[in-house]
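To keep things clear, I will list the structure first and then write my remarks on it.
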Amino acid sequence: MNCFLVKTEPGVFSIDDLKKKKREPWDGVRNYQARNIMRDEMKMGDLVLFYHSNADPSGVAGVCRVASKPYPDPTQFDADSPYFDPKSDPENPRWFLVDMAFEKKFKRLVSLTELKQYAELAEMTLLQRGNRLSVMTVTQDEFEFILALASC
DNA sequence: GCCAACGTTGGC
DNA sequence: GCCAACGTTGGC
């Protein structure tokens with residue numbers, strides 16, 4: 001099974017929001033590398049670390065699960081959406097997404113500061129210098145290590 | 001709010 | 001195809 005990490009600003013959409021809604025289309029991703037991961041690598045049932053960015057503090061807040069196959073992000077065709085992309089052709093959509101389902105909220109947030117302390121996580125894409133990807137892969141070892149840190 | 005890092009755009 | 005300008009991300 002593949003493991004992933006997605007970033008979200010909790011002021012916009014937090015783990016509590018996902019818990020409440022149970023399931024959410026992961027829309028608004030407008031980066032090709034992130035899109036490719038959602039479109040080409042994510043499979044239904046895959047587990048995904050849920051990361052709060054631009055937060056106080058930032059860190060991994062819980063886990064969600066890929067709950068759909070990839071499909072075109074409807075917001076790219078919605079002129080009223082902030083994610084509207086006038087250059088995307090409905091016959092050949094540019095942006096894809098998957099639905100995310102709530103899995104669990106950690107008993108405690110595992111902060112970015114804490115993640116940086118472990119040699120086991122030094123290779124994580126998240127921790128690489130200047131990384132700005134909002135959707136990325138995580139190794140199974142890294143995934144399990146973070147779950148153990150959260151002690152759930 | 002600052003700013004480093006990086007992706008995208010567009011002129012040439 | 002190059003690359004400067006610009007916009008965005010996200011930690012601090």
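- Between A/R108 and A/E114 there is a salt bridge, with a side-chain nitrogen of the basic residue lying less than 4.0 Å from a carboxylate oxygen of the acidic one.
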Inset, instruction - Dump the intermediate steps for salt bridge (Lys or Arg N to Asp or Glu O under 4.0 Å) on A/D85 and A/R94, then the final yes or no. - result: CA-CA 9 Å; A/D85 182 352; A/R94 180 179 293 193; 3.4 Å; yes
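- Between the side chains of A/E41 and A/N2, no donor-acceptor pair is found at a separation under 3.5 Å.
- For the salt bridge (charged side-chain N to carboxylate O under 4.0 Å, His left out) criterion with A/D73, the lone passing option out of A/R35, A/R30, A/R39 is A/R30.
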Legend entry - side-chain contact (heavy atoms from CB on, under 4.5 Å) between A/Q140 and A/L47, intermediate numbers included: CA-CA 10 Å; A/Q140 192 153 353; A/L47 293 173; over 6 Å; no
Inset, instruction - Classify every nucleotide of nucleotides 7-12 of chain B by which part a protein heavy atom approaches to under 4.0 Å, writing B for the base, S for the sugar-phosphate alone and - for neither, in 5'-to-3' order. - result: SSSS--
